[in-house]
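To start, the structure itself, in structure tokens.
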Amino acid sequence: DRTHFFGLAASMMRRVLIDHVRARRAQKRSPPDVPASEIDEFAVRDVELLDLDRALSALALTHPRQARVVEMRYFADLDLEEVALCLDVSTPTVKRDWKFARAWLNAELRDLRSPT
């Protein structure tokens with residue numbers, strides 16, 4: 001049904017993107033036809049995406065519904081009403097979950113980026 005399809009699509013998109021980033025980072029050398037400035041830009045995005053994946057996995061351990069909201073919003077590009085339909089909750093609940101998850105992820109990403 002629709003719920004399972006969008007839930008699976010969001011999860012698979014996340015996995016595909018993360019696997020792609022990991023594969024690209026595993027390459028020993030950069031392609032010769034890509035300028036160094038573009039490689040640096042991709043490297044920054046890759047690190048951010050990997051950090052987001054780590055933070056999202058941590059969020060899912062304690063707040064699974066909020067993590068699903070982030071997956072559906074970020075990786076499947078669903079709007080609040082579509083997420084509410086998929087998760088069988090109200091739109092205001094999704095709004096609260098989205099607000100909470102963004103704040104939680106911002107704090108977690110700040111901790112991941114700060115030197116310890």
Side-chain angles (χ1 to χ4, degrees):
D1 65 352
R2 178 181 173 87
T3 303
H4 289 99
F5 173 76
F6 282 115
L8 182 62
S11 295
M12 293 310 297
M13 181 58 74
R14 177 181 173 193
R15 289 181 188 166
V16 166
L17 289 172
I18 296 303
D19 288 345
H20 178 73
V21 167
R22 287 183 178 142
R24 190 167 53 203
R25 292 190 75 198
Q27 294 175 346
K28 298 210 184 262
R29 294 182 182 88
S30 61
D33 57 342
V34 178
S37 61
E38 288 184 26
I39 292 171
D40 294 340
E41 182 180 327
F42 285 130
V44 170
R45 283 192 221 148
D46 291 351
V47 169
E48 290 173 356
L49 190 56
L50 290 175
D51 286 345
L52 175 62
D53 181 57
R54 285 186 205 106
L56 195 52
S57 295
L59 176 65
L61 294 175
T62 55
H63 300 82
R65 190 182 67 217
Q66 288 82 356
R68 295 293 295 153
V69 168
V70 173
E71 272 189 346
M72 290 182 173
R73 296 273 296 154
Y74 189 81
F75 294 103
D77 198 30
L78 299 179
D79 63 25
L80 294 171
E81 292 77 20
E82 291 171 323
V83 174
L85 284 173
C86 289
L87 296 179
D88 197 28
V89 295
S90 68
T91 302
T93 298
V94 172
K95 286 180 185 178
R96 284 189 300 274
D97 287 349
W98 178 237
K99 185 176 180 179
F100 170 82
R102 283 191 339 229
W104 194 96
L105 288 170
N106 280 328
E108 186 72 13
L109 289 171
R110 193 171 29 253
D111 290 344
L112 285 174
R113 291 183 187 136
S114 67
T116 52

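- The only member of Leu17, Leu105, Leu52 that meets side chain to side chain contact (heavy atoms under 4.5 Å, CB included) when paired with Tyr74 is Leu52.
- Tested against Val69 for a side chain to side chain contact (heavy atoms under 4.5 Å, CB included), the candidates Leu87, Leu80, Leu59, Leu78 yield a single pass: Leu87.
- The side chain to side chain contact (heavy atoms under 4.5 Å, CB included) test with Val89 singles out one residue from Leu85, Thr93, Thr91, and that residue is Thr93.
- Residues Phe5 and Val83 share a single hydrophobic cluster, defined by chaining ILVMFWY side chains whose heavy atoms lie under 4.5 Å apart.
- In this structure the side chain of His63 reaches within 4.5 angstrom of the side chain of Phe100, judged on heavy atoms.
- The closest side-chain heavy-atom distance from Cys86 to Glu81 is not below 4.5 Å.
- Residues passing the salt bridge (charged side-chain N to carboxylate O under 4.0 Å, His left out) test with Arg96, sequence neighbours excluded: none.
- Judged purely by atom type and a 3.5 angstrom limit, Asn106 uses its side chain to pair as donor or acceptor with the backbone of Arg102.
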(Q) Test side chain to side chain contact (heavy atoms under 4.5 Å, CB included) on Asp79 and Arg73; report intermediate values, then the result. (A) CA-CA 6 Å; Asp79 63 25; Arg73 296 273 296 154; 4.3 Å; yes

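- Between the CG atom in Asp111 and the CD atom in Glu108 there is a gap of 6.0 Å [rounded to 0.5 Å].
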(Q) Could you go through Ser57 and Arg14, starting from their C-alpha distance and side-chain angles, then the distance that decides it, and tell me whether this counts as side chain to side chain contact (heavy atoms under 4.5 Å, CB included)? (A) CA-CA 11 Å; Ser57 295; Arg14 177 181 173 193; 3.0 Å; yes

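- Nearest approach of Ala84 to Val94, heavy atoms of both residues: CA-CG2, 3.5 Å.
- Between the side chain of Arg68 and the main chain of Gly7, a donor-acceptor pair closer than 3.5 Å is present.
- Atom CG of Asp19 has more than 12 neighbouring heavy atoms from other residues, nucleotides or ligands inside a 6.0 Å radius.
- Distance check: Glu71 CD to Met13 CE gives 12.0 Å after rounding to the nearest 0.5 Å.
- Two residues are said to be in side-chain contact when any heavy atoms from C-beta on lie closer than 4.5 Å; Phe6 and Glu82 fail this criterion.
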